Amino acid sequence: MNLVTPPEHPFAQFVRILGKGKRGARNLTREEARQAMGMLLDGQIEETQLGAFLMLLRHKEENAEELAGFTEAFRERNQAPAITVDLDWPTYAGKKRHLPWYLLAAKALANSGVRILLHGGGAHTAGRLYTEQMLDLLDIPLCQDWERVAASLDARQLAFIPLGAWAPQLQRMIDLRNTLGLRSPIHSLARILNPLGARCGLQSIFHPGYQSVHREASQLLGDHTIVIKGEGGEIEVNPDATSHLYGTTAGEAWDEEWPALSALRHVKPESLDAGQLVRVWRGEAQDDYGQLAIVATMALALRGLGIEREEAFAEARRRWDARQASN
């Protein structure tokens with residue numbers, strides 16, 4: 001029996017802000033979000049607080065100021081060295097309807113000299129193909145530290161690093177998905193972090209409404225970013241649908257609408273044969289949907305590097321045709 005009231009844990013205030021009922025709960029301010037994420041990253045919380053905080057955020061849905069504050073907390077602690085990167089390419093969703101054609105887009109761009117950092121959080125949902133599962137097949141360098149990333153970017157202009165290698169605390173939060181039963185906001189947060197400060201950050205946010213939230217968070221941070229609703233949640237343009245680009249450059253928001261590239265929707269494959277990626281890369285097979293998706297995704301990335309849409313598509317086709325198909 002306690003006869004003396006125990007002191008409140010410092011993190012309890014942030015759980016209370018989010019969970020104080022319909023009338024009492026509110027969003028975190030940007031500064032509160034920065035402080036809360038700082039405590040999470042520094043391990044200054046209890047296990048029960050971590051689960052409660054993540055699920056309250058998930059239920060409420062994080063806003064732009066919270067995402068910006070969380071990102072600032074990470075960047076204050078980021079230990080990455082200065083490494084030049086053109087494109088930050090987060091890949092956390094996995095694909096289930098179509099093959100991960102975005103990986104061939106990234107390879108072809110890297111072949112042409114664009115320095116690309118891929119990063120992801122591992123397989124977490126059954127029935128999906130994840131980037132990590134394709135690395136060996138597609139000869140994409142897996143790097144476990146920033147030194148190897150720098151070497152791979154210098155040699156190949158392409159590198160993949162797991163989230164756990166540079167933000168193990170965030171990877172642990174992502175890994176709670178099957179314990180908590182729901183995806184946490186960390187899946188979204190990882191897309192905005194841009195750990196090496198690339199010239200342009202690409203983001204894919206699948207759920208409607210979240211694209212503008214991520215764009216606003218990047219705008220608050222002063223980042224140059226393009227956000228799309230990518231196919232399956234990955235940074236891949238769906239050639240069968242209109243694509244809306246939510247951009248922010250030098251603190252200014254901009255929008256572009258890209259029309260569908262196909263008059264008729266392609267039939268979804270009955271199963272995903274990863275070997276088709278290799279065959280298309282080598283020129284041994286044709287895949288109408290895949291090749292449209294590849295070129296459009298390359299054009300999206302080039303748009304992020306400052307090339308206007310029509311020129312970006314022409315340049316994407318040229319770079320795809322000129323790829324070193326033996327790699």
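The shown structure was predicted, so the numbers you read here are calculated from the model rather than taken from an experiment.
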Salt bridge or not for Asp42 and Arg77, using N-O below 4.0 Å? yes

Donor-acceptor check, side chain of Arg58 to backbone of Ser184, threshold 3.5 angstrom: yes or no? no

Shortest non-hydrogen contact between Ala316 and Val295, atoms and distance: CB-O, 3.5 Å

For atom NZ of Lys20, is the number of surrounding heavy atoms from other residues, nucleotides or ligands below 6.0 Å larger than 12? no

Begin from the C-alpha positions of Leu137 and Val278 and carry the test side chain to side chain contact (heavy atoms under 4.5 Å, CB included) through to its verdict. CA-CA 8 Å; Leu137 179 70; Val278 177; 3.6 Å; yes

Got a salt bridge between Arg199 and Asp88, using NZ or NE/NH1/NH2 to carboxylate O under 4.0 Å? no

Non-neighbouring partners of Lys60 that pass side-chain contact (heavy atoms from CB on, under 4.5 Å), sequence neighbours left out: Leu18, Asn27, Leu57, Glu66

Do Leu142 and Arg148 pass the side chain to side chain contact (heavy atoms under 4.5 Å, CB included) test, and can you show the C-alpha distance, the side-chain angles, and the key distance before you say yes or no? CA-CA 9 Å; Leu142 170 62; Arg148 291 185 179 89; over 6 Å; no

Between Asp287 (side chain only) and Gln291 (backbone N and O only), is there a donor and an acceptor less than 3.5 Å apart? no

Any chance you could pull the hydrophobic cluster mates of Tyr246, using side-chain heavy atoms under 4.5 angstrom and chaining through other members? Ile205, Tyr210, Val227

Tell me whether Lys107 is salt-bridged to Asp139, with the criterion being a basic N under 4.0 Å from an acidic carboxylate O. no

Donor-acceptor pair, His224 side chain versus Gly304 backbone, under 3.5 Å? yes

Evaluate the criterion side chain to side chain donor-acceptor pair (under 3.5 Å) for residue pair Glu256 and Trp258; output intermediate values, then yes/no. CA-CA 6 Å; Glu256 285 185 10; Trp258 287 13; 3.0 Å; yes

Looking at Ile83 and Ala150, what are the two nearest heavy atoms and their distance? CD1-CB, 3.9 Å

Any ion pair linking Lys229 and Glu236 (charged N to carboxylate O, less than 4.0 Å)? no

Inter-residue atom distance Glu315.CD - Ile307.CD1, 0.5 Å rounding: 5.5 Å

Is the number of heavy atoms from other residues, nucleotides or ligands within 6.0 Å of CG (Asp136) greater than 12? no

Do Leu193 and Leu220 belong together in a cluster built from hydrophobic side chains that touch within less than 4.5 Å? no

Salt-bridged, Glu234 to Lys95, with N to O below 4.0 Å? no

Please determine whether residues Trp101 and Leu272 belong to a single hydrophobic cluster, defined as Ile, Leu, Val, Met, Phe, Trp and Tyr linked transitively by side-chain heavy-atom distances below 4.5 Å. yes

Keeping the roles fixed (side chain from Ser204, backbone from Gly230), state whether a donor-acceptor pair exists under 3.5 Å. yes

Could you walk me through whether Ser112 and Gln157 satisfy the side chain to side chain donor-acceptor pair (under 3.5 Å) test, starting with their C-alpha distance in whole Å, then the side-chain angles of each, then the deciding distance to 0.1 Å, before giving a yes or no? CA-CA 9 Å; Ser112 73; Gln157 292 78 52; over 6 Å; no

Can you tell whether the side chains of Arg172 and Asp175 come within less than 4.0 Å, N to carboxylate O? no

Checking the side chain of Gln133 only, and the main-chain atoms of Tyr130 only, is there a donor and an acceptor separated by less than 3.5 Å? yes

Partner residues of Thr29 under the side-chain hydrogen bond (donor to acceptor under 3.5 Å, both in side chains) criterion, sequence neighbours left out: Glu32

Should Phe206 and Leu245 be regarded as members of a common hydrophobic cluster, given that ILVMFWY residues are connected when their side-chain heavy atoms come within less than 4.5 Å of each other, either directly or indirectly? no

Look at the side chain of Gln169 and the backbone N and O of Leu41, then say whether any donor-acceptor pair between them is shorter than 3.5 Å. yes

Should Leu305 and Leu109 be regarded as members of a common hydrophobic cluster, given that ILVMFWY residues are connected when their side-chain heavy atoms come within less than 4.5 Å of each other, either directly or indirectly? yes

Between atom CD1 of Ile161 and atom CG of Asp145, what is the distance when rounded to the nearest 0.5 Å? 6.5 Å

Nearest-0.5 Å distance, CD of residue Glu47 to CG of residue Leu176: 7.5 Å

With ring centroids as reference points, do Phe53 and Phe11 lie under 6.0 angstrom apart? yes

Considering all heavy atoms of both residues, which atom of Leu261 and which atom of Ala296 are nearest to each other, and what is their separation? CD1-CB, 3.7 Å

Mark yes or no for whether His59, through its side chain, and Leu56, through its backbone, hold a donor-acceptor pair below 3.5 Å. no

Working to the nearest 0.5 Å, report the span between OG1 of Thr248 and CD of Gln219. 4.5 Å

Pairwise side-chain contact, Thr91 with Ile235, heavy-atom cut-off 4.5 Å (strictly under): no

Do any N or O atoms from the side chain of Thr71 and from the backbone of Leu67 form a donor-acceptor pair under 3.5 angstrom? yes

Under 4.0 Å between a Lys/Arg side-chain N and an Asp/Glu carboxylate O for Arg30 and Glu216? no

In this structure, are over 12 heavy atoms from other groups packed under 6.0 Å from Glu284 atom CD? yes

Minimum-distance pair of heavy atoms, taken over all atoms of Arg191 and Gln203: O-CG, 3.3 Å

Residue pair Arg75, Glu72: steps toward the salt bridge (Lys or Arg N to Asp or Glu O under 4.0 Å) verdict: CA-CA 5 Å; Arg75 290 181 178 176; Glu72 287 171 328; over 6 Å; no

Is it true that a side-chain atom of Arg115 and a backbone atom of Val85 form a donor plus acceptor pair closer than 3.5 Å? no

Apply side chain to side chain contact (heavy atoms under 4.5 Å, CB included) to residues Leu196 and Thr84 and explain how you reach the verdict. CA-CA 7 Å; Leu196 293 181; Thr84 301; over 6 Å; no

If we ignore hydrogens and angles and just use 3.5 Å, is the side chain of Asp240 paired with the main-chain N or O of His266 as donor and acceptor? yes

Side-chain contact, heavy-atom cut-off 4.5 Å: His214 with Ser188? yes

Taking the six-membered ring for Trp, are Trp89 and Phe160 ring centroids under 6.0 Å apart? no

Taken to the nearest 0.5 Å, the spacing of Ile45 CD1 from Leu50 CG works out to 4.5 Å

cation_pi(Arg323, Trp320) dist<6.0 Å, angle<=45: yes

Taking all heavy atoms of Pro162 and all of Cys143, pick out the closest pair and write down the distance. CD-O, 3.2 Å

Compare every heavy atom of Leu54 with every heavy atom of Pro185, then report the nearest pair and how far apart it is. CD-O, 3.5 Å

Do Gln276 and Arg279 have a side chain donor and acceptor closer than 3.5 Å? yes

Hey, what do you get for CZ (Arg303) to OG1 (Thr297), rounding to the nearest 0.5 Å? 15.5 Å

Count the heavy atoms of every other residue, nucleotide or ligand shown that sit under 6.0 Å from CD of Glu147, and state whether that count exceeds 12. no

Given Phe74 and Leu189, is the side chain to side chain contact (heavy atoms under 4.5 Å, CB included) satisfied, shown in steps? CA-CA 10 Å; Phe74 164 77; Leu189 175 64; over 6 Å; no

Please say yes or no: joined through hydrophobic side-chain contacts below 4.5 Å, possibly via intermediate residues, are Trp146 and Leu153 part of one cluster? yes

For a quick check under 3.5 Å, do Thr249 and Trp254 share a side-chain donor-acceptor pair by atom type? yes

